[in-house]
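One structure is given below, encoded as structure tokens.
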Amino acid sequence: MKDLLEPIYLNEKMLLNCAGYLFDGVETSTNISQTNSNQSNNHLKGTAVLGTNGILEWLAKAEGNFEGQLDNQNNNNYSRSSTKYLTLGALHMKVLKELYQQKFVYEISNISNIKNEIPYKKIEGILQPVDFFEIIQIIKSLTPHFETIFNLFGNQIFNTPVTSHKKSPVNNQAINAKNGIQILTGVINELEKNYLESNLLEMMILNEDGECIGIVDLDINDQDPKRIKAQLTDGYFHIYGKITKIVSPDGEIDLIQRSLISPLLRILQHGFVAWQDHQKATQFLLIKDIIMEKLNQVLRLKIKGPAVRIRAMSICI
């Protein structure tokens, strides 16, 4: 691996677990200390003879010894301490380097032929948000404005005559529309909450031809899913992680299986199948298949194989 990759998304728990296995623990910081101590001692001792001659000789003659001693001690102590921190990005590169050296990474080039014995996989592609989550976000953003529209243009919409009286007659259709908006808002909020209860955000992986070759699951933890989606939408990325599902050419990935819609339809289908002698059961199954087929033409609710579902450890550029 010669590329210097910059991680845009990191699953910290998955990364630290992998690093702990590869390196028998992870040090995120290192203390560096330097100490230098110099000490020098100088000792000087001397003896001399002193005397006087000349004009003072007739006064007196003085003679003696002089002894001097000099002690000099010099101490120099120097100490420095610093801390070196290892960022998650640097740790990520060390982990990838070790994974490649131990041949623990398999780069997927053919979606129909994947080696399962190699633990970690790399797949490249263009990321796009799942249509189901996008529709929820769009409707949720527009719903608060519906009531304003009805307040401003409700009379024109329902052909209600405008009167000059202060108290105009109550328009039942407008009231029903407002109640419907409130119900829709509650349903959308519940669908979004239910979809994100798994703490995973799904995004589609597209090849260069625009075909969906897989789904990547992102562990959002305490992060904002809208922010993650905005950062990763419509970019070409290197995805490292572990495969959780391989779909054969005749299989498919259901993108609404984490919502309330999928189990509700499945329960209704099983109930009507058990009641299949009844005419309404056959009609329900037929209508359900037609509706899902038409919706799948507009929205990608199912991904046909061959495809993969991968839990991302990192997404890099």
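Remember, predicted model here, so these are calculated numbers, not experimental data.
With values rounded to the nearest 0.5 angstrom, Y240 atom OH is found 12.5 Å from C18 atom SG. In this structure, CD1 in I243 is found 10.5 Å from OH in Y106, a value given to the nearest 0.5 Å. The distance from atom CG of L22 to atom NZ of K94, rounded to the nearest 0.5 Å, is 12.5 Å. Taking CG of N207 as the reference point, atom OH of Y236 lies at 9.0 Å (rounded to 0.5 Å). Here the CE-CG distance, from M313 to N11, works out to 9.0 Å after rounding to the nearest 0.5 Å.
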Show which side-chain atoms of residues 209-222 pair as donor or acceptor with protein atoms under 3.5 Å away, not counting sequence neighbours.
from: D217; atom 1: OD1; to: R258; atom 2: NH1; distance (Å): 3.4
from: D217; atom 1: OD1; to: R309; atom 2: NH1; distance (Å): 2.9
from: D217; atom 1: OD2; to: R258; atom 2: NH2; distance (Å): 3.3
from: D217; atom 1: OD2; to: R309; atom 2: NH1; distance (Å): 3.2
from: D219; atom 1: OD1; to: N199; atom 2: ND2; distance (Å): 3.4
from: D219; atom 1: OD1; to: N221; atom 2: N; distance (Å): 3.4

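Considering every non-hydrogen atom in both R300 and D131, the closest pair reads N-OD2, 2.9 Å.
Checking N113, I239, I114 one by one against I108, the side chain to side chain contact (heavy atoms under 4.5 Å, CB included) holds for a single residue, I114.
Annotation: salt bridge (charged side-chain N to carboxylate O under 4.0 Å, His left out) contacts of E6 (sequence neighbours excluded): none. Considering only residues two or more places apart in sequence or on other chains, E98 meets the salt bridge (charged side-chain N to carboxylate O under 4.0 Å, His left out) condition with none of them. Residues that satisfy the salt bridge (charged side-chain N to carboxylate O under 4.0 Å, His left out) test with K121, not counting sequence neighbours, are absent from this structure.
Within the structure, the salt bridge (Lys or Arg N to Asp or Glu O under 4.0 Å) test picks out no pair touching residues 109-119 (sequence neighbours left out). The stretch residues 241-251 participates, sequence neighbours left out, in no salt bridge (Lys or Arg N to Asp or Glu O under 4.0 Å) pair at all.
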